[in-house]
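Only one structure is covered here, and it is reproduced in the block below.
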Amino acid sequence: MHHPAYLLNAGAYAIDALIVKETRYVVAQANQAVTVEMHDDGSFRNDYAGEWVGVVRPRCSWETEQTGVLVSF
């Protein structure tokens, strides 16, 4: 299995497998067919030592630009 780097937060994950007929009838099911353990090597944290909350934490590139003048009343 392959997934993009930094997609999942550290922790244990279980993946269920289903065979479905006509997109609605479950023909076969295997609960926890695959289990994986994600480890955090700390390289993405910089100086942050706290817990990362949530399941996903994608590493994204962000670009911003000013689109207008901010008016305050």
Side-chain angles (χ1 to χ4, degrees):
M1 178 194 313
H2 180 270
H3 69 84
Y6 302 104
L7 177 65
L8 295 175
N9 205 0
Y13 297 88
I15 300 169
D16 297 340
L18 298 154
I19 297 175
V20 180
K21 180 180 179 182
E22 298 174 8
T23 68
R24 60 186 128 166
Y25 305 108
V26 176
V27 177
Q29 180 173 347
N31 294 327
Q32 298 183 357
V34 177
T35 58
V36 293
E37 180 85 23
M38 304 305 294
H39 296 278
D40 184 356
D41 68 0
S43 63
F44 186 50
R45 293 174 170 265
N46 294 327
D47 293 330
Y48 181 71
E51 278 293 314
W52 291 81
V53 295
V55 175
V56 295
R57 61 165 187 190
R59 187 178 213 172
C60 301
S61 297
W62 295 95
E63 226 175 90
T64 60
E65 65 181 72
Q66 184 173 344
T67 59
V69 177
L70 180 62
V71 177
S72 179
F73 295 98

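Sequential numbering from 1 along the given sequence is applied to the chain's residues.
- Note that the CD atom of Q32 and the CD1 atom of I15 stand 11.0 Å from one another [nearest 0.5 Å].
- Between V26 and L18, the closest heavy-atom pair is CG1-CD2, 3.8 Å.
- At distances below 3.5 Å, not a single donor-acceptor pair connects side-chain atoms of N9 with backbone N or O atoms of V56.
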